[in-house]
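What follows is a set of notes on a single structure, which appears directly below.
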Amino acid sequence: MKVRVTVMPKTGVLDPQGKAISHALGELGFSGVGEVLTGKVIELDLAETDPEAARSAAEAMARRLLANTVIEAFRVELV
Amino acid sequence: MKVRVTVMPKTGVLDPQGKAISHALGELGFSGVGEVLTGKVIELDLAETDPEAARSAAEAMARRLLANTVIEAFRVELV
Amino acid sequence: MLHAPLPTMTNPALDNPGNPADKAGMSTLTLLPPDRALQLAAQFGLKPDEYDRVLGILGRSPSMTELGIFSVMWSEHCSYKSSRIWLKTLPTSAPWVIQGPGENAGVIDIGDGLAAVFKMESHNHPSFIEPYQGAATGVGGILRDVFTMGARPIANLNALRFGAADHPGTRRIVDGVVRGIGGYGNCVGVPTVGGEVNFHPAYNGNPLVNAMTVGIARADRIFYAAAAGVGNSVVYVGSKTGRDGIHGATMASAEFSAENEDKRPTVQIGDPYAEKLLIEACMELMATEAIVAIQDMGAAGLTSSSVEMAGKGGVGISLNLDAVPQRETGMSAYEMMLSESQERMLMVLQPGQEGVAEAIFHKWDLDFAVIGHLTNTGRIEIFHNGALEADIPLAPLESEAPLYRRPTTETPKLPPLGEVPDPMGLAPALQKLVACPDLCSRRWIWDQYDALVGGLTSKRPGQADAAIVGIEGTARALALTTDCTPRYCLADPEAGGAQAVAEAWRNITATGATPLAITDNMNFGNPEKPEIMGQFAAAVRGMAAACIALDFPVVSGNVSLYNETDGQAILPTPAIGGVGVIADAHLAMGLAMPAAADLVLIGAT
Amino acid sequence: MNAAIIVFPGTNRERDMALALTRVTGRKPAMVFHRETALPAGTDLVVLPGGFSHGDYLRCGAMAALSPIMAAVREFAMGGGHVLGVCNGFQILCEAGLLPGVLLRNAGLRFLSMDCVLRVERAGTAFTSHWQKGATFRAPMAHGDGNYFADEATLDRLEGEGLVAFRYADANRNGAARDIAGILSPNLRVLGLMPHPEDLVDPLMGGVDGLPLFTSMAEALVGV
Ligand SMILES: Nc1ncnc2c1ncn2[C@@H]1O[C@H](COP(=O)(O)OP(=O)(O)O)[C@@H](O)[C@H]1O
């Protein structure tokens with residue numbers, strides 16, 4: 001079972017990479033680029049075959065390690 | 001128009017980060033974790049309102065800056 | 001323990017170690033049809049006469065894996081076939097030289113029972129394709145060359161040449177290369193203490209990334225590559241094998257291009273974290289008596305490491321690829337033998353030491369597998385999925401590889417410059433000079449390199465003509481520098497070669513240290529062109545003369561040829577890495593001028 | 001003073017730290033591997049040194065913070081023990097929740113390796129007693145993720161309670177909130193800071209600006 005965990009900075013948390021990308025895109029001549037937010041995707045190949053069990057395992061992994069919930073929010077999808 | 005660009009390592013390209021995460025999850029007692037692949041998500045807020053124009057602008061940005069197409073593949077979605 | 005299940009059915013050499021593989025075992029070898037083999041040989045870069053030699057050696061058509069092995073072992077990169085004849089003329093000995101060229105790195109005695117182990121190596125082409133990873137894996141490769149010999153790396157340096165500063169492609173490459181060198185070195189925890197950078201249009205399509213590592217070992221605890229002990233285990237350690245960097249030739253082969261995307265040669269990605277673990281694990285194992293021989297897997301990974309270890313030791317080697325730790329599924333023997341996955345080493349262990357070694361590598365979260373054993377056949381035999389995939393005598397692959405004396409033409413002497421008119425006046429000229437890309441401050445580079453990790457760097461970039469790095473537990477320090485002025489080498493390769501050596505010597509001397517030895521990185525164009533081979537020969541001549549005059553022998557080096565784009569060669573660039581020692585680090589001189597000092601000019605202008 | 005240096009896979013400034021500690025205390029610190037579950041008996045000071053634990057993959061310090069030894073370090077800190085985290089060690093302390101906030105990518109996205117000038121904001125602690133408040137000193141920095149971030153309330157609390165130990169005094173190169181370079185726990189016994197005083201404790205290295213950190217600790221923790 002493949003699971004995708006997407007981790008994004010919470011609102012109000014500084015995103016230096018997003019800021020730099022927004023700036024760089026402007027410099028490259030792309031206009032109309034507003035806020036840019038950057039995050040991480042972690043795709044896990046789990047032995048678990050039950051979708052709900054896989055999802056809850058991934059959620060546990062995200063809470064424990066994959067995301068720092070002080071500054072990041074995460075989303076789990078089955079893929 | 002919000003656009004999400006997901007950038008992942010191409011098949012066969014080593015992902016040291018994914019490897020380290022897979023290992024760490026194992027050490028934390030999560031069993032049945034196979035390959036882990038990590039990538040980036042970049043969410044762009046574009047002034048463009050036409051979906052197809054926004055998509056192709058994002059694709060151009062991905063090719064130009066957001067992804068390193070020698071080792072990474074990208075996917076664009078409207079959100 | 002992961003003992004390789006040996007397919008004894010197809011390994012007669014194991015049942016009867018006295019005999020070379022008999023014909024029964026050979027029957028499982030799938031040979032290429034002759035016309036197909038001929039066509040592939042050309043695609044793999046073997047010249048027609050070289051391919052004839054292959055046929056003569058084998059007495060039959062090769063298998064796919066065998067052809068791959070011949071092509072990489074006889075490549076310029078592994079065989080030094082165009083350069084060896086010239087390199088042999090370099091002075092390589094001195095009372096303080098413990099090991100000259102021919103091993104993974106050179107070794108010199110620096111007193112107090114210690115040795116400095118160092119080498120420089122190029123990663124030019126990969127750095128053009130993918131600057132960050134190309135430069136990063138270059139650093140990783142040279143580090144392995146040094147710690148393979150039992151030395152803990154204490155400093156990295158580099159020598160970089162980029163295209164014109166205003167060329168549209170240059171910025172991307174400079175940025176990637178500098179970040180890649182820093183990214184790898186900073187993480188692995190080896191300080192980057194010096195280097196040099198030039199810009200010239202001749203490097204527009206072919207940047208040079210030369211990386212140097214210096215390590216410290218006990219002079220009586222140096223590890224070598226020569227395998228010994230028939231029956232001893234051949235052990236694979238480090239990261240898993242993937243399809244990284246497999247010979248570009250793979251792609252050209254119809255067999256492979258018919259397959260899916262995944263089979264394309266992929267860029268090697270460096271994992272400095274894995275390398276750091278590998279250093280620690282190797283250092284720990286090296287403190288025991290378990291290792292007979294050790295070699296890193298660099299270019300042509302498993303092929304060159306196994307062939308060189310067995311070849312140097314005058315033994316044979318049998319490998320079972322089923323036991324190789326693999327990152328991808330369905331890899332062929334050809335792919336595994338040619339993979340250039342990073343952060344891997346091959347070792348031969350003393351009998352019964354497998355458990356000790358395995359525990360150490362597992363402690364450091366690294367793969368460990370027994371993948372074969374030494375034989376007395378003088379051949380390399382490779383098994384995969386129970387079938388024999390290659391069976392080649394070692395000598396023709398290694399010590400008897402092709403050797404060429406290619407035609408040379410001398411570089412015409414340029415007329416003297418004569419009177420140079422002053423176009424702008426002294427002050428503007430000075431301003432122009434200090435602002436030019438070749439002379440301006442390099443601070444923006446070294447500000448991205450951790451120069452201090454290790455706690456022993458006493459002169460970092462910008463503080464002295466050579467970097468000064470202390471040696472733990474002693475008052476001593478090493479003085480380290482890289483130097484070359486390619487413009488000079490283009491105008492007069494002999495004088496340029498001599499000048500590069502002399503500059504390294506002067507930079508070390510200027511700190512108060514005694515210059516001891518050099519490593520070199522010979523970057524040139526296509527050796528099949530007589531004028532390029534002429535540059536090479538002349539540069540070597542000049543270097544040799546300077547080395548002799550200065551008592552400054554060459555103990556290691558690397559050659560990178562075919563640095564051309566659209567037939568345009570780079571400037572001849574024999575980069576020199578110099579090492580000296582100073583008995584008391586406190587005495588090392590820096591550049592900073594004390595207040596109220598007098599300026600004294602020494603030498604003729 | 002019995003110091004224990006924790007070595008995670010990828011730690012690389014443990015030797016620098018050991019050299020500095022040995023120089024000041026004359027005693028070699030114990031090296032404790034991340035898989036250990038207990039600190040050596042009689043440990044007075046735990047040091048989490050710099051480096052790239054677990055390659056700095058995912059988030060700096062995230063995987064190290066979950067190491068077996070960190071349970072012992074947490075217990076030690078909770079019991080009033082002194083803990084110093086430098087660079088990656090600071091990142092680990094934040095990820096482990098022993099200090100608030102987090103270290104984000106440098107604002108310019110580049111690795112920064114250079115000397116910076118720090119101002120001592122909180123003197124009189126076990127780590128800072130040999131400096132005057134307001135004193136400035138030079139310290140090498142070498143990091144890609146030193147951009148200290150915490151929410152406004154946390155920053156206000158840190159400042160209000162005098163828990164900001166050091167600020168960048170010359171330039172804020174990494175974008176750290178309120179120029180913060182190092183912070184203390186409420187009991188003043190856990191210190192995290194980004195720059196490396198341990199790399200400036202010997203005239204041979206270009207100065208002894210970092211020495212007061214070590215002499216402060218040696219004095220405060222002698223016989224503790
Ligand atoms: N690529 C580099 N990496 C690290 N340090 C560098 C690099 N290039 C130049 N430097 C450092 O910058 C300083 C000046 O370089 P350079 O002008 O080549 O010195 P010199 O002419 O004295 O050999 C030296 O300390 C050198 O080590």
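Numbers restart at 1 for each chain; the letters A, B, ... are given by sequence-line order, proteins then strands.
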Compare all side-chain heavy atoms of C:Arg179 with those of D:Leu109 and state whether any distance is below 4.5 angstrom.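 No - every pair of side-chain heavy atoms lies 4.5 Å or more apart.
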Does some side-chain heavy atom of D:Leu204 sit less than 4.5 Å from a side-chain heavy atom of C:His586?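 A side-chain contact under 4.5 Å exists here.
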Euclidean distance, D:Met205 CE relative to C:Ile468 CD1, rounded to 0.5 Å: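 So the CD1 of C:Ile468 and the CE of D:Met205 are separated by 14.0 Å.
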Once you round to the nearest 0.5 Å, how far does CG of C:Asp450 lie from OG of D:Ser113?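 C:Asp450 CG to D:Ser113 OG: 5.0 Å, rounded to 0.5 Å.
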Taking non-hydrogen atoms and a cut-off under 4.5 angstrom, which of [range] neighbour chain C?
range                       : value
residues 11-25 of chain D   : D:Thr11, D:Asn12, D:Arg13, D:Glu14, D:Arg15, D:Asp16, D:Leu19
residues 45-55 of chain D   : D:Phe52, D:His54, D:Gly55
residues 138-147 of chain D : D:Arg138, D:Pro140, D:Ala142

Is [X] close to chain D through its backbone or its side chain, or both, or neither, when contacts mean heavy atoms under 4.5 Å?
X        : result
C:Val190 : neither
C:Glu472 : side chain
C:Leu452 : both
C:Ala585 : both

Among the options C:Thr457, C:Asp271, C:Leu277, pick out the one with the most heavy-atom pairs lying under 4.5 Å from chain D.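 Of the candidates given, the most pairs with chain D belong to C:Asp271.
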For C:Arg221, is the CZ atom crowded, meaning more than 12 foreign heavy atoms sit under 6.0 Å from it?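 Yes, because the 6.0 Å sphere around CZ of C:Arg221 holds more than 12 heavy atoms from other groups.
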Should we say atom CE of C:Met283 is surrounded by more than 12 heavy atoms from elsewhere, each under 6.0 Å from it?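 Yes, the 6.0 Å shell around CE holds more than 12 heavy atoms from other groups.
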When you look at C:Val178 and D:Phe111, which way does the side chain to side chain contact (heavy atoms under 4.5 Å, CB included) test go after all the steps? CA-CA 11 Å; C:Val178 169; D:Phe111 193 92; over 6 Å; no
Specify which of D:Asp202, D:Asp199, D:Val201 makes the most heavy-atom pairs with chain C at under 4.5 Å.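 Of D:Asp202, D:Asp199, D:Val201, D:Asp199 has the most heavy-atom pairs under 4.5 Å with chain C.
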Output yes when C:Asp175 and D:Arg110 qualify as a salt bridge under the 4.0 Å nitrogen-oxygen rule, no when they do not.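 So C:Asp175 pairs with D:Arg110 through a salt bridge.
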Side chains of residues 32-39 of chain D: which donor-acceptor pairs under 3.5 Å do they make with residues two or more places apart or in other chains?
from, atom 1, to, atom 2, distance (Å)
D:Arg35, NH1, C:Lys363, O, 2.9
D:Arg35, NH2, C:Asp365, OD1, 2.5

